[in-house]
Undergrad: 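The structure follows.
In listed order, ligands and their atoms are each counted from 1.
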Amino acid sequence: MIQRYTSGQPIATDAAVRELPAETIESFPFAHRRDGGRFVFSFPLEKDEIVYGLGETVRGINKRGWLYRSFCSDDPYHSEEKHALYGAHNFLLHGGCGIFIDFPAEIRWDIGYTRADEAVITLDGEDFDIYLISGATPRDIVREFRALIGPSYIPPFWAFGFQQSRWSYHNAEAVRNVIRGYDEAGIPLDAVYLDIDYMDHFKSFTVNEDAFPDFAQFAAGVRAQGIHLVPIIDAGVKKEEGYRVYEEGRDKGYFCRNEDGSDFEGGVWPGAVGFPDFLRPEVREWFGEQYRFLTDMGIDGFWNDMNEPAIFYSAKGLEKALEKAAGLRGQNVDLKQFFTLKDAFGNLSNSPEDYASIYHEIDGRPVNHLRVHNLCGASMTRAAGEFFEREFGKEKIMLFSRASIIGAHRYGGIWFGDNHSWWQHILLCLKMLPSANMCGFLYCGADLGGFNGDATPDLLLRFLALGVFTPLMRNHSALGTRNQECFRFENTGDFRDVIEVRYRLIPWLYKTFRRAAEEGDMMFRPRSFDYPDDPVARECETQLMLGEECMIAPVYEQNVSGRTVYLPEEMVFVKLSGSRITAKEVLPKGLHYVRVALNEVPLFIKKGKSVPLCRPALRTALLDTEMTELIP
Ligand code: MIG
């Protein structure tokens, strides 16, 4: 059962695909009040109740005891004290009730942070829809909610293969070396990424001809090797005379504006940029068409970046800071002045002041950015997704985005952004999976091995052993960090063993994924969904249920040869390594310490269930998906 409550005149987000009759907000059953243009509501939290939801964000599967913020943010430090990441996934589930807030501005979620027994939710505005969803079980509530928001994006089959990325493979030779490195090590691979340096001066929909001479032929050659090239697309369009995309955008008036109607000028990788106003259907159509430049050359995978939007500086902000600096020239700069100057530059990026100064256009009228912030990246992805579907049909192009809001799950997947090569980020990825799934985001995954910082081979192997199960299985790392392609390390055989397991599981993973997409279900579930009455199984932040058959429990610490798991019932503990099954053991309900070598992938199969395996292959296209063996 779903009940919708409407307040004011909500801005259309297109998150819901069904139009439900609405009650007025006065009859909203939770305690609520208006507070200076904001709407605040609260509800009590029972002592042992678990609160799920909020999709891609920091902290645990159980969201209790922290303050979260729905405000799509480019934040490359995913540490515990943060409140927001790139997504705004406004769905919460607790005590038999799902709450979906359809609202594109900022929301603060105090989930037992100020008072342990209370959740207080503050919407930065008074025009919104709230849906309350009831059902017999949490899983039923999720399914009901997902029917409301429509079907999840399904990528092409090859997108389930292993993918290698780095910021950046600077030229054609670097890409060829990656493919050669994998092939020579006999490690399966389906895709190689092009980060911002493939572009001509970071101009979206251009190619640097010096680094990639005859790009079309190069792309065709890579495809002939069975590898998909996946270029990045940035949201900001470089301000440059003679650059067609910029000139068209400017002449048609498609960029976001300042209050006075002139184009807002931000600074990102290419320097000064215009931000296409993706909220306008005609701008989406125009921007979507730009991808044709690359699809015409056979490109069939994309990742959309910097679309929160990330703003390093604005022309206005930079000007002010430069003035401040100029004013201090030749003076004896005291401590206070020095730090004010430092902050003037340090606070330029993603500044609230800049966001507040941007205007979009909805139905011909200017709308302040803060009212629609969380729709921006999602609308960029929608632009691309709608173009791909129009042009090629469903399931033909791989697409995922950094920023997102519920609704964007119909157009593409997401990746979890700039994590670190930290052991704790294996678990952060694990915790985000069921939360993202609830909100409709099924095609997702983290930068395996970690983006920022230097990865060690053991970290990467343990990360990959979780990534074996995530629909997006991509190794990615930042500029200036240690090379972390699997073939770079001395123990390439270990990497082959782990990634081959992925390929053996792909037919089953794909089926599990499809079923979740088609039935509005989750692929990964918190363990409490399956064992609500087992007090130990209920609270768990390190193991997940996967499909109908399994439980997964990756090793997530350095220099340990295994981990403790709790089995809520008898299960078969299986270890997979390359084409081998290195262990198969029935374990009774209870606590166990299981040993897992670096080249093994642990899996726990429920009693009476089995998981099919095929033979590994170097590419998904070479998989004999019929050739199956059943485990246990
Ligand atoms: O400011 O394109 O999250 O995956 O490698 C950084 C460079 C911009 C952020 C993305 C990351 C990508 C990087 N980008």
Undergrad: Under 6.0 Å from the six-membered ring centre of Trp303 and within 45° of its axis: does the NZ or CZ of Arg402 meet both?
TA: no
Undergrad: Ligand 1: which protein N/O atoms lie under 3.5 Å from its N/O atoms?
TA:
{"from": "ligand 1", "atom 1": "1 (O)", "to": "Trp269", "atom 2": "NE1", "distance (Å)": "3.4"}
{"from": "ligand 1", "atom 1": "2 (O)", "to": "Asp195", "atom 2": "OD1", "distance (Å)": "2.5"}
{"from": "ligand 1", "atom 1": "3 (O)", "to": "Arg402", "atom 2": "NH1", "distance (Å)": "3.0"}
{"from": "ligand 1", "atom 1": "3 (O)", "to": "Asp418", "atom 2": "OD1", "distance (Å)": "2.4"}
{"from": "ligand 1", "atom 1": "3 (O)", "to": "Asp418", "atom 2": "OD2", "distance (Å)": "3.4"}
{"from": "ligand 1", "atom 1": "4 (O)", "to": "His476", "atom 2": "NE2", "distance (Å)": "2.9"}
{"from": "ligand 1", "atom 1": "5 (O)", "to": "Asp195", "atom 2": "OD2", "distance (Å)": "2.5"}
{"from": "ligand 1", "atom 1": "5 (O)", "to": "His476", "atom 2": "NE2", "distance (Å)": "2.9"}
{"from": "ligand 1", "atom 1": "14 (N)", "to": "Asp305", "atom 2": "OD2", "distance (Å)": "2.8"}

Undergrad: With rounding to the nearest 0.5 angstrom, report the OH to CG distance, Tyr411 to Asn304.
TA: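 It is 14.0 Å, given to the nearest 0.5 Å.
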Undergrad: Taking only residues two or more places apart in sequence or in another chain, which ones pass side-chain hydrogen bond (donor to acceptor under 3.5 Å, both in side chains) with His373?
TA: His369
Undergrad: Check for me whether Lys238 meets the cation-pi criterion with Tyr243, that is, NZ or CZ under 6.0 Å from the six-membered ring centre and within 45 degrees of the ring axis.
TA: no
Undergrad: With distance as the sole test, does Arg284 use its side chain to make a donor-acceptor pair with the main-chain N or O of Ser379 at under 3.5 Å?
TA: no
Undergrad: Establish, yes or no, whether the cationic atom of Arg69 lies under 6.0 Å from the six-membered ring centre of Phe71 and within 45° of the ring axis.
TA: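 Cation-pi check for Arg69 and Phe71: passes.
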